Amino acid sequence: MTRERSDFIRDIIDADLKAGIHQKVATRFPPEPNGYLHIGHAKSICLNFGLAAEYQGTCNLRYDDTNPTKEDVEYVDSIEADVRWLGFAPSAVLFSADYFGRMYAWAEALISAGKAYVCDLNDEEIRAYRGTLSEPGKPSPWRDRSVAENLDLFRRMKAGEFPDGARTLRGKIDMASANMKMRDPLLYRIRHAHHHRSGDEWCIYPMYDYAHPLEDAIEGITHSICTLEFENNRDLYDWVMEATGAAAASGHARSPRQYEFARLALDYTVMSKRKLLQLVTGKHVLGWDDPRMPTIAGMRRRGYSPEAIRAFCDLIGVAKANSSVDIGKLEYCVRDDLNQTAPRVLAVAAPLPFEITNWAELANVEGIGSNSQVVLDAPYWPADVGKPGSRNVAFGATVLVDHDDFQESPDSDFLRLAPGRTIRLRYAYCVTCDEVVKNADGSIAKLRGRVHPESKAGGKVAGGQKVWGVIHWVDAATSLPAELRVYDRLFSVAKPEEGGGDFLANMNPNSLTTLRSARVEASLATAAAGSRWQFERTGYFVVDIVDSKANELVFNRIIDLGQRTTKVATADAAAPTAPTAPTKNAKAATRPKSKSPQEFREEARKRDPGLLAEFDRIAALLGNNTHDADLLAGDTATAAFFAACTAGGAAPATTAKWMINELPRVLGDAELASTPIDAARFTALLQAIERNELTASAGKQVLAELARAENQSTAFAELAARFRTSNDAGALDASIAAVLAANSDKVAQYKAGKTGLIGFFVGNVMKANPGADAGAVNKAVASALAK
RNA sequence: UCGGGGAUCGUCUAAUGGCAGGACAGGAGUUUUUGGUACUCCUUAUCAAGGUUCGAAUCCUUGUCCCCGAACCA
């Protein structure tokens, strides 16, 4: 499959598919219906549904509604609407609540298997028994109840005999686990509450950590993708999967696996549901769909298209590093989309009348009455977009231009209207400003000037005078009044949540500007709610889907055109995005310091005199290299392995080097004992290297082969023969020549100075000659290239 | 008894020991009846120090910094 994107999730799926672990991909998007979806959810939606589409798999929309006290049907409805609006069709729309029966049955099975128990501790006691990050917990006094008693109690919990909080069902795992999530986690709690879907059928509800893996298992999810903060929950996810056998019981050959990616953070906004809710309930915004909100509903009303949002999600990628995306990337995607999809029309935000003094002359030329307007044909699209379509615009004796397009004493970089200047009115005529009429207070009331009839539709001005530019306008008589709502960022700082203060204090007081005296061209009278337009030179606007009416037009500004208007403005934009001082996380500061691996090894030797003696012996053997000795004598298995290799005849220095640098690489997270590599084969490898039968790079490849379980039976000698050092200079030269010939473009680049390419050539030669000495190849390639 | 993750241009993200690539932002220019678009060119990065290797962003060691975890939330 060819695809333009690559990320670690897709890599995992590719590998799973290739290895035959899965034949199909099944994902899910599992929101809790306790709020509106936001752009962060869009990232997850695009990932999960996008994966399903790319791999011809499925993606369910599943409501993770296991907590009746926080959830609501209003949210359920909005979530599905938002997902569909974004352009995705769920393979199925499902509810965790519908699985409560099966989850309950598995809980009873867990109890019967001695893997879960009913605990009578209250919440405070549970917390106390759980221990802390650096101290183990202690077992609940109720941990060893009999299966019969647990079953009885659990059934009575379900039957409603106990009040909220009286008892819980807990997994019997390990109160001393380093992972707090595994210290006998709560599986069920009592909640006498009405559930938006299951009503009053249940008074015990499963916890996320118990419910989620079961939901995935029931639905046959293959890749359960969530955000980074659930990394600690993965062990528990796997425990539930294993302990219940839910996947197999649901008819699925493989258990789902959980993978975590970094959630989206965006500059100049907040993304937590709690804070978003706070904005809504505190009336800091007009609602969940306020166009300034980062919610899907807000962006929809703002005029962002689903395509733009999906493009943004593609643009930012998927990775495991916490990051905060520049809001400019979203704005880029929105503009990029709108440029191709929004027809151009004329609108004036702050009208300034321009009276045409020679209107009679124009009327005569155009052959119309002095009280009517010239009708001009204006294309909806610029030539570079190249789409068909146009509309009529009227041009009368008075036109309205934008206040911003006139300066009485123009700045040096101001390219628009000023007294005495001639300018083109878009799609119409050139006009010259002859007179500025002022109000009593000195403000500008209107402009007066001449139109140049011969300049219609691109014609030159007869006098040959300079035309300063092109500005937008509307006809005074036929244009329509409209309200323009201009939005800016909701927060005035890039990271409103940082700094420890109240994030609300960072709100931008000017995030909404309402322009009530705007005028738009008459053709917009019939513009559909939600339709998007470019008001030329002003920005992109959408007809508000809530407030706009036929004779009371309301437009939301989607985004400006991104014009770098003046030098001053650019300097402003480039100005310090306030180097945000790395704020100290109070929580992190209270975290206890953990031991380094080095300290662990040292302590191991303190406990074990035998290991300490080994350390001294190895250090002496390596010429008092205590650094290496520390690594080799940090645990008994490693020390024994080293001892066995050297006793078997391998040189201590070589053994140390390979054990320290190369062995961990092929081992990965696995323990030495659990791999097919034993001391005998490793020793044989080291000796072959010492005898120059294997080069260093060949040795590494042999080691990698050795580490693969399926090669357990492969004789070392066979591998060694495959990679044996060869000194066939003739073959090598031919191989080098072939590589250079096949990459003549790179050879040219190399000769032009891109010397880093040497590695590319050597790598290719090495692939063809596994036994060659890379050092020699390097020299040979260099000299071949020098010719 | 602390454990689990992470760190690559200003920003986001590629490069599974072999060319540090792309996009956004920024700069310069060309085109343009939008100070838009398009096109061309340019600037800019592997957290630090050691080690292994012919060759390290990638493997090893030590350190630094950041995030997550002790809800009957998800």
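In this text the structure is predicted, and so the values were computed from the model without any measurement. Convention: sequence-line order gives letters A, B, ...; per-chain numbering from 1.
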So what's [N] paired with, Watson-Crick or G-U wobble, going by both distances under 3.5 Å?
N: B:G17; answer: none
N: B:C73; answer: none
N: B:C65; answer: B:G6
N: B:U40; answer: B:A28
N: B:U11; answer: B:A23

5' precedence on RNA chain B between A:G458 and A:S324 (nearest-nucleotide basis):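 Of the two residues, A:S324 wins.
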
Residue whose closest nucleotide on RNA chain B lies nearer the 5' end, A:A428 versus A:T66: A:A428

Side chain of [X] only, heavy atoms from C-beta on: which candidate in [options] is closest?
X: A:R665; options: B:A70, B:C19, B:A56; result: B:A56
X: A:A319; options: B:U34, B:G69, B:U13; result: B:U13
X: A:E32; options: B:A74, B:C12, B:C68; result: B:A74
X: A:A457; options: B:G3, B:G63, B:U33; result: B:U33
X: A:R344; options: B:U34, B:G6, B:C19; result: B:U34
X: A:Q598; options: B:U62, B:A74, B:A70; result: B:U62
X: A:Q749; options: B:A15, B:C19, B:U61; result: B:C19
X: A:T132; options: B:G5, B:C54, B:A70; result: B:A70
X: A:M207; options: B:U34, B:C73, B:A7; result: B:C73

Looking at every strand, decide which applies to [X] at a 4.0 Å heavy-atom threshold: base, sugar-phosphate, or nothing.
X: A:R130; result: sugar-phosphate
X: A:T695; result: nothing
X: A:L315; result: sugar-phosphate
X: A:T69; result: nothing
X: A:K273; result: nothing
X: A:F761; result: nothing
X: A:Y427; result: base
X: A:D384; result: base
X: A:G756; result: sugar-phosphate
X: A:E229; result: sugar-phosphate
X: A:K595; result: sugar-phosphate
X: A:N764; result: nothing
X: A:D164; result: nothing
X: A:L757; result: base

To the nearest angstrom, how far is [X] atom [atom1] from [N] atom [atom2]?
X: A:E231; N: B:C67; atom1: CD; atom2: C1'; answer: 9 Å
X: A:F8; N: B:U13; atom1: CZ; atom2: P; answer: 11 Å
X: A:D267; N: B:G10; atom1: CG; atom2: P; answer: 15 Å
X: A:Y205; N: B:A71; atom1: OH; atom2: P; answer: 23 Å
X: A:L330; N: B:A25; atom1: CG; atom2: C1'; answer: 14 Å
X: A:L186; N: B:C72; atom1: CG; atom2: C1'; answer: 5 Å
X: A:L703; N: B:G17; atom1: CG; atom2: C1'; answer: 14 Å
X: A:E599; N: B:U62; atom1: CD; atom2: P; answer: 10 Å

Under-3.5 Å donor-acceptor pair between [X] side chain and [N] base:
X: A:N778; N: B:C54; answer: yes
X: A:Q534; N: B:U34; answer: yes
X: A:N232; N: B:G4; answer: no
X: A:K657; N: B:G51; answer: no
X: A:R335; N: B:G36; answer: no

Would you tell me if any nitrogen or oxygen in the side chain of [X] comes within less than 4.0 Å of OP1 or OP2 on [N]?
X: A:R127; N: B:A71; answer: yes
X: A:Y208; N: B:C73; answer: no
X: A:S323; N: B:U13; answer: yes
X: A:R537; N: B:G35; answer: yes
X: A:R62; N: B:A74; answer: no
X: A:K329; N: B:U13; answer: no
X: A:R601; N: B:U62; answer: yes
X: A:R191; N: B:A71; answer: no

Any side-chain donor near an acceptor of the partner, A:Q598 and A:S596, under 3.5 Å: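 No.
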
Any donor-acceptor N or O pair under 3.5 Å, side chains A:H212, A:R28: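 There is such a pair (donor and acceptor under 3.5 Å, judged by atom type) between the side chains of A:H212 and A:R28.
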
Nearest-0.5 Å distance, OH of residue A:Y237 to CD of residue A:Q258: 6.5 Å

Salt-bridge contact A:D184-A:R170 (side-chain N to carboxylate O under 4.0 Å):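 Salt bridge absent between A:D184 and A:R170.
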
Pi-cation contact, A:Y205 with A:R191 (under 6.0 Å, within 45°): no

A:K138 to A:Y129 six-membered ring, cation-pi geometry met (6.0 Å, 45°):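 Output yes; distance and angle both within limits.
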
Anti or syn - B:A71, cut at 90° from 0: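 The base of B:A71 is oriented syn (glycosidic angle within 90° of 0).
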
Heavy-atom pair of closest approach, residues A:R335 and A:G562: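 The pair with the smallest heavy-atom distance is NE-N, 3.4 Å.
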
Taking every non-hydrogen atom, the tightest pair across A:L346 and A:W473: CB-O, 3.3 Å

A:K387 atom NZ: more than 12 heavy-atom contacts under 6.0 Å: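 Counting neighbours around NZ of A:K387, more than 12 heavy atoms of other residues, nucleotides or ligands fall under 6.0 Å, so yes.
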
Other residues, nucleotides, ligands: >12 heavy atoms within 6.0 Å of A:K751 NZ: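 Yes, enclosed.
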
